[in-house]
Amino acid sequence: MLLTVFLHKKLWGAPMSDGLPVPVTITRVAQESPGVSTIFFDHVFSAKPGQFVMVWVVGTDEIPMALSYPNAVTVQRVGEATAALVSMKPGDKIGIRGPFGNGFALQGRILAIAGGVGTAPLLRIGLEYPDVTFLLGARTADELIFQSILSSACEVRVATDDGSAGFHGYVAGLLDEIDLDEYETIVVCGPDPMMRSVLSVLENRNAIGKSQFSMHRYMKCGVGLCGSCCIDPDGVCVCKDGPVFSGPMLLQSELGKYHRNAAGLKEK
Amino acid sequence: MLLTVFLHKKLWGAPMSDGLPVPVTITRVAQESPGVSTIFFDHVFSAKPGQFVMVWVVGTDEIPMALSYPNAVTVQRVGEATAALVSMKPGDKIGIRGPFGNGFALQGRILAIAGGVGTAPLLRIGLEYPDVTFLLGARTADELIFQSILSSACEVRVATDDGSAGFHGYVAGLLDEIDLDEYETIVVCGPDPMMRSVLSVLENRNAIGKSQFSMHRYMKCGVGLCGSCCIDPDGVCVCKDGPVFSGPMLLQSELGKYHRNAAGLKEK
Amino acid sequence: MIRLSQGPVKLAGVPVRNHLVLAAGVLGTCASSLRRMLRQGAGAVVTKSIGPEPRYGHAGPCVVVLEDGIMNAMGLPNPSREFVQELSSFDGEPVIVSIFGGNPEEFHEVAGWFAEKAEAFELNVSCPHAAGFGAQIGTNPDVVKACTEAVKEWKKPVWVKLTPNVTDITTIGRAAEEGGADAIVAINTVRAMRISTGLKRPVLGNKYGGLSGKAIFPIAVRCVYELYEACSIPIIGCGGVSCAEDVIEMMMAGAVGVEIGSAVVQDPEIFRHISEELYAPDGISSQEIVGCAHE
Amino acid sequence: MIRLSQGPVKLAGVPVRNHLVLAAGVLGTCASSLRRMLRQGAGAVVTKSIGPEPRYGHAGPCVVVLEDGIMNAMGLPNPSREFVQELSSFDGEPVIVSIFGGNPEEFHEVAGWFAEKAEAFELNVSCPHAAGFGAQIGTNPDVVKACTEAVKEWKKPVWVKLTPNVTDITTIGRAAEEGGADAIVAINTVRAMRISTGLKRPVLGNKYGGLSGKAIFPIAVRCVYELYEACSIPIIGCGGVSCAEDVIEMMMAGAVGVEIGSAVVQDPEIFRHISEELYAPDGISSQEIVGCAHE
Ligand SMILES: Cc1cc2nc3c(=O)[nH]c(=O)nc-3n(C[C@H](O)[C@H](O)[C@H](O)COP(=O)(O)OP(=O)(O)OC[C@H]3O[C@@H](n4cnc5c(N)ncnc54)[C@H](O)[C@@H]3O)c2cc1C
Ligand SMILES: Cc1cc2nc3c(=O)[nH]c(=O)nc-3n(C[C@H](O)[C@H](O)[C@H](O)COP(=O)(O)OP(=O)(O)OC[C@H]3O[C@@H](n4cnc5c(N)ncnc54)[C@H](O)[C@@H]3O)c2cc1C
Ligand SMILES: Cc1cc2nc3c(=O)[nH]c(=O)nc-3n(C[C@H](O)[C@H](O)[C@H](O)COP(=O)(O)O)c2cc1C
Ligand SMILES: Cc1cc2nc3c(=O)[nH]c(=O)nc-3n(C[C@H](O)[C@H](O)[C@H](O)COP(=O)(O)O)c2cc1C
Ligand code: FES
Ligand code: FES
């Protein structure tokens with residue numbers, strides 16, 4: 001396995017710092033749940049947890065993805081590009097730009113709150129950091145991902161919407177049984193409504209100051225240029241100023257209210 | 001006086017390493033002889049003795065010139081651009097690209113042999129290095145340049161073609177009275193015929209190995225691109241591989257036989 | 001370096017806060033990001049180009065950042081008429097609405113939606129990678145003239161933004177001038193392509209894209225200089241501007257102001273940083289240097 | 001990285017030592033410097049463009065080195081017919097003679113002088129800064145066709161070198177093909193200008209010049225790709241090539257070989273260095289990748 005994009009062999013002549021997609025070859029595809037697979041490739045990217053890459057599925061599209069491992073993305077099939085990705089085979093090639101974004105600022109005891117495929121950007125925190133409590137949510141037991149690997153590394157508590165595993169209800173509900181004062185850092189990723197409800201709980205319990213949320217918005221460039229990922233009311237770029245934002249910064253934001261699609265049209 | 005081009009104030013954003021001509025303002029014009037003046041400006045260039053710059057006389061042409069001082073060129077009026085230069089006044093502006101070329105490799109006792117305005121690239125050697133013997137040649141006493149300033153810094157011997165000062169004859173003739181074994185480095189600059197005859201003397205006296213000649217050829221780019229300064233038979237660029245070449249390297253060369261003009265036509 | 005005197009100025013009929021304008025398509029799809037750029041010191045902002053129908057843009061990759069520039073093929077994504085709503089929160093701020101269409105009628109229609117809100121219009125007849133739009137019509141002087149006339153009916157300042165991908169940019173500049181343009185913006189991106197050797201495909205989803213940033217600055221300066229010799233309306237320089245010195249250089253070529261796009265990637269606070277270098281209490285008026293390299 | 005198999009190849013009818021050709025006008029005015037580039041590993045060399053009369057070139061500055069490219073306005077200095085003498089020492093080496101003229105007759109005449117010595121001709125219908133020559137005729141398809149036909153009469157391979165400073169380079173490429181060209185070389189420099197803000201003047205003596213080097217590589221790749229779709233004769237890629245990876249990229253765009261000019265400034269031994277990266281005993285044939293990005 002080759003070590004990172006940023007250690008390109010320096011050819012004499014042209015300095016190789018062009019940000020073209022780095023071609024990587026898929027080495028393994030691991031199914032995590034019926035709709036979610038982890039795609040491993042032959043390059044290790046040096047990235048902070050929470051940073052993301054732009055994944056070029058040749059002939060289809062380029063889409064943002066968290067690095068679940070330094071050499072993998074974990075993909076939920078929702079449309080054309082993700083469907084192409086999860087059906088890839090070892091030996092297939094994709095292109096990777098990045099890593100981009102700020103990533104999480106992590107210190108002390110960490111509480112990680114994940115919903116669905118939002119577990120992907122938090123996975124490395126559970127695996128690599130000491131003293132992490134991981135709240136893992138999904139719609140059904142089937143759709144829980146990374147439960148067993150996380151359980152071997154940290155304390156995991158589970159919630160499912162349908163009660164088929166763990167706590168019956170939204171992952172935010174698990175917070176009732178947690179003493180938030182015990183944690184120095186709270187990291188959150190999941191669907192917008194889940195993140196908004198976690199934000200509200202944390203606000204009510206005066207824990208918002210130490211919370212960080214990984215946002216997702218429509219991204220076309222990944223580098224703070226095109227504006228497709230900007231959020232109201234501050235006009236910051238999720239791709240460059242984020243994707244990780246502090247709770248207080250999001251309180252007055254569009255999170256959970258609306259987002260903009262590829263055309264810039266607002267959607268609920 | 002500002003210190004050197006290479007210490008440009010670093011603007012955020014654009015790194016200022018574009019090789020555009022650096023605008024400098026003339027501070028003083030000192031007449032050295034009826035046809036030769038030294039033009040001082042308000043920038044100090046950090047250059048080795050023997051390196052040169054391209055001097056842009058706005059509206060006229062850009063021509064190669066040795067740096068006689070770190071902040072000056074010494075110009076002999078021969079045509080349009082040099083005439084414009086020697087008639088400039090303090091406050092006038094010119095553009096400078098460079099320094100370019102290799103410069104001299106200097107060590108031990110140095111013998112400097114200069115003819116006419118060829119003294120300019122050697123001046124700093126006489127002024128800045130210990131233990132230099134300077135052979136200064138010109139057609140007439142009038143045309144000797146830098147004699148007094150050099151005399152205050154090193155041993156100077158003079159030759160004039162018409163005998164109006166010093167030795168009566170070519171500067172190469174002065175070599176008869178010199179014990180070449182005493183010198184570790186011999187540096188030469190002057191008109192082609194003068195350099196060829198010095199080269200022959202040095203060859204005959206087995207001193208060619210330690211000799212270095214500063215060549216001049218028609219130069220349009222100064223950076224080893226256009227080919228206008230290339231010399232036969234090796235096709236090296238005087239601007240980039242030179243202007244300083246070792247004696248042995250020049251032995252089989254076109255030096256003293258012909259050169260090419262701006263069109264690439266050979267001239268004697 | 002030459003420094004300019006501070007304070008609001010007029011650029012081709014449009015009151016702006018300084019000479020530095022955010023270029024079209026860069027952080028320009030929502031009011032909040034446009035407002036952010038104004039807050040960070042842009043003298044005015046140009047919106048993303050708005051067209052007659054919503055567009056979702058080309059498939060990705062849409063952008064690659066090169067060492068000395070950026071290549072993009074966004075495909076003119078835009079919310080179309082809904083953008084009127086987006087701009088509703090602006091009130092007198094220097095917002096220039098960039099519009100595009102497939103013919104003069106469409107230009108006229110789209111401009112009409114914004115006739116209230118826009119301080120000025122910028123006509124995108126120059127995007128090099130959207131079939132039927134942009135440069136596909138901007139290489140034809142007659143069409144450029146007709147589109148300019150159509151938008152001019154709304155009695156607002158009209159800036160026409162030109163493509164450098166033509167044999168002679170001055171013929172297009174003169175057509176805009178004849179159509180009644182208040183200014184020319186030069187230039188849009190230069191048609192370009194890069195190929196991924198690892199994946200054996202052009203790296204942009206659209207294959208072809210437009211080159212911007214530092215790499216095209218000498219091309220943009222050349223176009224401004226040529227247009228200054230050929231036209232008599234003001235020119236706004238655009239293309240690769242990334243420092244105060246570049247602004248001065250564009251002005252000497254003949255630009256009354258500049259637009260800045262790609263440089264935002266290296267420095268999101270570019271407008272404030274350039275202003276700090278460019279302006280001084282004892283600075284000179286830009287009029288003293290605009291076009292001075294032609295003397 | 002993909003590596004190519006070593007050994008002599010034919011580029012559009014011309015036997016060369018490898019795929020890397022010295023571009024016209026770079027170290028190309030005398031036999032000794034051309035020979036030096038061959039010694040240092042160039043697969044073939046193109047001479048300075050030779051015209052019907054000696055020319056001394058534009059007043060300086062003729063060249064400025066930018067951070068990511070070079071801008072030049074040499075003004076086609078050349079010794080004209082005396083260059084026949086200069087080339088007399090060559091005997092079978094891969095020397096391609098670049099020629100220019102103001103019309104087909106002049107092209108024919110100049111080519112005639114070299115009909116013995118040249119392995120091939122390259123027609124410069126693309127220099128962007130010499131009045132009456134180069135791009136001033138190379139933007140007209142009919143003239144390009146006529147010049148190609150005129151030189152083709154000497155029964156040597158003819159490469160026609162195109163300017164990117166046109167609205168549609170494929171119309172010129174097709175004209176060359178119709179005129180009987182054996183190959184197209186794309187591209188010559190991009191028309192450009194820089195201004196000295198300190199001296200308030202364009203930095204080149206000729207004011208306008210041509211941009212080359214890294215900055216134009218994405219433009220050159222785009223032109224090669226466009227021409228590959230439009231023409232059926234071989235294309236030689238030129239413009240900003242500075243490493244082995246760039247060569248592969250040009251080939252994937254559709255080039256059978258490349259020319260290299262500006263990169264010589266940073267590395268006079270560029271040909272040897274690229275060859276070391278590009279070729280390997282177990283390398284593949286270039287045919288496997290030429291144009292593969294079009295699939
Ligand atoms: C920073 C970030 C990190 C992400 N990490 C992951 C991850 O680790 N695993 C994962 O499965 N998904 C992740 N996503 C979401 C993922 O990008 C989308 O699911 C994917 O783009 C869908 O593409 P598609 O072609 O399959 O679907 P489409 O049919 O094109 O679209 C389906 C929906 O996906 C979203 N989407 C489509 N294209 C984009 C785009 N370019 N940018 C953002 N959203 C888009 C839109 O909401 C759209 O309605 C992340 C998104 C962001 C912004
Ligand atoms: C490396 C180098 C260092 C030099 N240092 C000095 C110096 O310190 N002082 C000094 O007075 N002169 C120096 N010269 C010579 C100087 O460049 C020419 O005298 C000058 O270019 C003449 O320009 P002009 O317009 O006045 O004359 P023109 O009328 O244009 O030409 C007169 C003669 O000058 C020579 N010349 C003209 N242009 C050039 C050019 N671009 N490159 C080279 N030669 C040219 C030619 O031989 C020409 O025949 C140096 C030359 C070189 C190559
Ligand atoms: C991502 C991106 C999107 C762009 N979108 C538009 C657009 O919608 N309309 C337009 O007229 N120009 C658009 N442009 C061109 C820019 O406005 C500008 O003309 C060009 O980038 C050159 O300026 P720069 O080098 O400062 O970026 C876009 C450029 C980029 C990089
Ligand atoms: C100094 C210089 C001189 C040139 N002279 C010629 C010329 O005489 N004829 C020609 O066809 N092209 C000429 N060119 C163009 C180059 O051959 C080449 O097309 C261009 O520089 C792009 O390639 P590059 O980026 O590798 O330099 C010249 C370029 C430079 C930089
Ligand atoms: S994705 Fe383009 S600005 Fe964030
Ligand atoms: S002056 Fe151009 S190569 Fe030396």
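Letters A, B, ... mirror the listed sequences (proteins, then strands); counts begin at 1.
- By the 6.0 Å contact criterion, CD on C:E116 is open, its count of non-hydrogen atoms from other residues, nucleotides or ligands being 12 or less.
- Heavy-atom distances place both the backbone and the side chain of A:K266 under 4.5 Å from chain C.
- Looking at A:D61, its side chain never comes within 3.5 Å of a backbone N or O of C:A59 through a donor-acceptor pair.
- Shown here for A:C237 and C:L27, the closest heavy-atom pair between the two residues is SG-CD2, 3.5 Å.
- Looking at every heavy atom in both residues, C:Y56 comes nearest to A:K220 through O-NZ, 2.8 Å.
- No donor-acceptor pair closer than 3.5 Å links the side chain of C:K48 to the backbone N or O of A:G227.
- Within 6.0 Å of the CD atom in A:E267, the count of heavy atoms belonging to other residues, nucleotides or ligands exceeds 12.
- The greatest number of non-hydrogen atom pairs below 4.5 Å with chain C, out of A:A263, A:G235, A:S228, A:A262, is found for A:A263.
- For A:K210, the NZ atom counts as densely surrounded, since its 6.0 Å shell holds more than 12 non-hydrogen atoms of other residues, nucleotides or ligands.
- With rounding to the nearest 0.5 angstrom, the OG atom of C:S33 is 11.0 Å from the CD1 atom of A:I231.
- Rounding to the nearest 0.5 Å gives a distance of 12.5 Å between OG1 of C:T29 and OH of A:Y218.
- Considering NZ of A:K93 and OG of C:S196, their distance stands at 8.5 Å, rounded to 0.5 Å.
- Remark: C:S212 OG to A:L225 CG distance equals 7.0 Å, nearest 0.5 Å.
- Heavy-atom distances place no part of C:Q85 under 4.5 Å from chain A, backbone and side chain included.
- Contact annotation for A:I63: neither backbone nor side-chain heavy atoms come within less than 4.5 Å of a heavy atom of chain C.
- Within the 4.5 angstrom heavy-atom criterion, only backbone atoms of C:I195 (N, CA, C, O) approach chain A.
- Interface remark: C:R35 contributes no atoms to any contact with chain A (heavy atom separation under 4.5 Å).
- Heavy-atom pairs under 4.5 Å with chain C peak, among A:C221, A:C226, A:G264, at A:C226.
- Under a 3.5 Å cut-off, the side chain of A:D18 and the backbone N or O of C:L66 do not form any donor-acceptor pair.
- Surrounding CD of A:Q31 are more than 12 heavy atoms belonging to other residues, nucleotides or ligands, all under 6.0 Å away.
- Side-chain contact between A:R260 and C:E86 is present, with at least one heavy-atom pair separated by less than 4.5 Å.
- Surrounding CD of C:E269 are more than 12 heavy atoms belonging to other residues, nucleotides or ligands, all under 6.0 Å away.
- Side-chain atoms of A:R97 and C:V64, non-hydrogen and from C-beta on, do get closer than 4.5 Å to each other.
- Between C:S32 and A:P233, the closest heavy-atom pair is CB-O, 3.6 Å.
- Interatomic distance, A:L20 CG to C:T197 OG1, rounded to the nearest 0.5 Å: 8.0 Å.
- Under the 3.5 Å distance criterion, the side-chain polar atoms of C:R36 are left unmatched by any main-chain donor or acceptor of A:D234.
- Residue A:C229 does not touch chain C at all, counting heavy-atom pairs closer than 4.5 Å.
- Only the side chain of C:I70 comes within contact range of chain A, with heavy atoms under 4.5 Å apart.
- With a 4.5 angstrom heavy-atom cutoff, A:V236 touches chain C via backbone and side-chain atoms both.
- In this structure, A:P23 and C:G198 approach most closely via the heavy-atom pair CG-CA, 3.6 Å.
- Residues C:P268 and A:K240 form a side-chain contact, since some pair of their non-hydrogen atoms from C-beta on lies under 4.5 Å apart.
- Of the listed residues (A:T25, A:V24, A:D241, A:V57), the one with the most heavy-atom contacts under 4.5 Å to chain C is A:D241.
- Residue A:V58 touches chain C through its side chain alone, counting heavy-atom pairs closer than 4.5 Å.
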